[in-house]
Amino acid sequence: MLARKSIIPEEYVLARIAAENLRKPRIRDRLPRARFIAKSGACNLAHKNIREQGRFLQDIFTTLVDLKWRHTLVIFTMSFLCSWLLFAIMWWLVAFAHGDIHAYMEKSGMEKSGVDSSACVTNVRSFTSAFLFSIEVQVTIGFGGRMMTEECPLAITVLILQNIVGLIINAIMLGCIFMKTAQAHRRAETLIFSRHAVIAVRNGRLCFMFRVGDLRKSMIISASVRIQVVKKTTTPEGEVVPIHQLDIPVDNPIESNNIFLVAPLIICHVIDKRSPLYEISATDLATQDLEVIVILEGVVETTGITTQARTSYIAEEIQWGHRFVSIVTEEEGVYSVDYSKFGNTVKVAAPRCSARELDEKPSILIQTLQKSELSHQNSLRKRNSMRRNNSMRRNNSIRRNNSSLIVPKVQFITPEGNQNATET
């Protein structure tokens, strides 16, 4: 109706009707594959239906350390406030039972300003003054307006009890805050892993490789790397194991499993008969429901606390036939690391078959390398031919430009029949 009256253009109305009646696509987007360990190292696991909640209170210190900072600060504040209020009530009851409050109320204005040596605590005449005295005792402020006397042994007992309770609260809360600030996973924030892992040929064998580095100058002592493969398996009896963990060895030339993480290193796992990746080819990798978990452990040099950094690689994050670029160079006698290329890879020649097929037919590797060499030579020939063509075109264009600048000769014919050529 509006289109007929030319209020809204007809093309806009038709386009809007077509957009509203557009059907949703039948092919749904592929859901992201669940992973056991996130790229940040956090465990992607939800604990549900825990009935025995009291077990967390048996280890109260660890529970306080594991809490979030806002919850820890609330508990820190409330623990002191509750202890001050509790002992304020006790000091008020001591003063009330001894008759200090009643005696203070019966005195005249002149007498109230003096110090009563017969009272348990001087100048405690209300709950507010008892609360202030409780704070002075526990945090040892001591303003001097309120003090204890020798009249009440009960008040001395309350004083000793409050000092002990205050020391316990200080020790627990300060230790909890110290442990939260010095937690091991804070140091793991500067331990980085490459975004992708690669599978390529190294020393004639297919290898699974990834890169790890440390951004700080303070080193990780006795650093070690462990690799595990987590996948869903089914036993011969029909039992389904949703999280089946398999350890895979790390190729380390040193006898011990420790690494010297002074610069970024490429951790290599040789895919042999012991490896869970032994029978997986490049085409099978995309359909595999597996996750490679990497764990880096070591001792922080500055604090002496053991730290652990984790990450994982699913099938989509493993690049077949790639290799990490070199990022360590020597400049003026100093080794320099370019972290902008930390995760960069280049495509290299690698057989698309599995490591098992490569062991059974070693000629596959030779053929792959030969094809790679031929393709490399062909690419070089193409580059050289393109360079020659470009240089020839450039020379021809220069010649044309030079020829256009040459002044042509003009001939004049006289009536006598003589031809005089002059240049203009």
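- Rounded to the nearest 0.5 Å, atoms CG (L358) and CD1 (I271) are 10.0 Å apart.
- Summarising the geometry of S79 relative to M173, their closest heavy-atom pair is OG-CG, 4.0 Å, with the distance given to 0.1 Å.
- The shortest distance between side-chain heavy atoms of I169 and S83 falls below 4.5 Å.
- Listed by first then second residue, pairs satisfying salt bridge (charged side-chain N to carboxylate O under 4.0 Å, His left out) with a partner in residues 76-91 number zero, not counting sequence neighbours.
- Between the CD1 atom in I75 and the CD1 atom in I60 there is a gap of 7.0 Å [rounded to 0.5 Å].
- In this structure, the disulfide bond (SG atoms under 2.5 Å apart) partners of C152, at least two apart in sequence or on a different chain, are C120.
- Not a single donor-acceptor pair under 3.5 Å links the side chain of Q288 to the backbone N or O of I280.
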In sequence, state the C-alpha distance, the side-chain angles, and the governing distance for C176 and F76, and then conclude on side chain to side chain contact (heavy atoms under 4.5 Å, CB included).
CA-CA 9 Å; C176 176; F76 179 82; over 6 Å; no

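- At distances below 3.5 Å, not a single donor-acceptor pair connects side-chain atoms of S134 with backbone N or O atoms of A130.
- Distance alone, capped at 3.5 Å, places no donor-acceptor pair between the E297 side chain and the S224 backbone.
- F80 places none of its side-chain heavy atoms less than 4.5 Å from the side chain of V139.
- Applying the salt bridge (charged side-chain N to carboxylate O under 4.0 Å, His left out) test to residues at least two apart or on different chains, none of the pairs has a partner in residues 323-339.
- Remark: the backbone N or O of I37 is paired with a side-chain donor or acceptor of E291 at under 3.5 angstrom.
- Minimum heavy-atom separation, P276 to I248: CD-CG2, 2.9 Å.
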With side chain to side chain contact (heavy atoms under 4.5 Å, CB included) as the criterion, how do N163 and V137 come out once you've worked through the C-alpha distance, each side chain's angles and the decisive distance to 0.1 Å?
CA-CA 7 Å; N163 286 329; V137 169; 3.9 Å; yes

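- Here C43 contributes atom SG and R310 contributes atom CZ; the two are 5.0 Å apart, rounded to the nearest 0.5 Å.
- Other residues, nucleotides and ligands contribute at most 12 non-hydrogen atoms within 6.0 Å of the NZ atom of K347.
- The shortest heavy-atom contact between P264 and F342 is CB-CE1, 3.8 Å.
- Looking at K180, its side chain never comes within 3.5 Å of a backbone N or O of L64 through a donor-acceptor pair.
- Residues meeting the ring-ring contact (aromatic ring centres under 6.0 Å, His included) test with F96, sequence neighbours left out: W92.
- Residues meeting the ring-ring contact (aromatic ring centres under 6.0 Å, His included) test with F193, sequence neighbours left out: none.
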I'd like to know whether V292 forms a side chain to side chain contact (heavy atoms under 4.5 Å, CB included) with F210, so could you lay out the CA-CA distance, the side-chain angles of the two residues, the decisive distance to 0.1 Å, and finally the verdict.
CA-CA 11 Å; V292 181; F210 60 91; over 6 Å; no

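- Side-chain contact between V121 and V94 is absent, with no heavy atoms from C-beta onward closer than 4.5 Å.
- Remark: I168 pairs with I164, I172 by the side chain to side chain contact (heavy atoms under 4.5 Å, CB included) rule, at least two apart or across chains.
- The salt bridge (charged side-chain N to carboxylate O under 4.0 Å, His left out) pairs that include a residue from residues 122-142 are E136-R146, where partners are two or more places apart or lie in different chains.
- Surrounding CZ of F178 are at most 12 heavy atoms belonging to other residues, nucleotides or ligands under 6.0 Å away.
- Minimum heavy-atom separation, G166 to Q138: CA-NE2, 3.7 Å.
- Note: I199 CD1 to I318 CD1 = 5.5 Å, rounded to the nearest 0.5 Å.
- The side chain to side chain donor-acceptor pair (under 3.5 Å) contacts involving residues 62-72 comprise D59-T62, where partners must be two or more places apart or lie in separate chains.
- F208 is linked by a ring-ring contact (aromatic ring centres under 6.0 Å, His included) to nothing, counting only residues two or more places apart in sequence or in another chain.
- Residues Y313 and H196 approach most closely at CE2-C, 3.7 Å, considering heavy atoms.
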What pairs of donor and acceptor atoms, side-chain ones from residues 228-243 against any protein atom, are under 3.5 angstrom apart with sequence neighbours left out?
unit_1	atom_1	unit_2	atom_2	d
Q228	NE2	D247	OD1	2.9
T235	OG1	E239	N	2.9
T235	OG1	E239	O	3.2

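- Taking OG1 of T302 as the reference point, atom CE of M219 lies at 12.5 Å (rounded to 0.5 Å).
- For residues 271-283, the side chain to side chain donor-acceptor pair (under 3.5 Å) pairs, not counting sequence neighbours, are H269-S275, D272-R274, Y278-D359, E279-R356, S281-T283, S281-D284.
- By the 30° and 60° cut-offs, the orientation of the rings of W84 relative to F131 is perpendicular.
- Legend: side chain to side chain donor-acceptor pair (under 3.5 Å) pairs involving residues 211-223, not counting sequence neighbours, sorted by first then second residue: R187-D214.
- The CD1 atom of I220 lies 12.0 Å from the CD atom of Q308; values are rounded to the nearest 0.5 Å.
- W320 is listed as a side-chain neighbour of L206, based on a closest heavy-atom distance under 4.5 Å.
- Under the 3.5 Å distance criterion, the side-chain polar atoms of N344 are left unmatched by any main-chain donor or acceptor of V325.
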Going through the checks in order, is the side chain to side chain contact (heavy atoms under 4.5 Å, CB included) test met by V198 and V348?
CA-CA 11 Å; V198 298; V348 295; over 6 Å; no

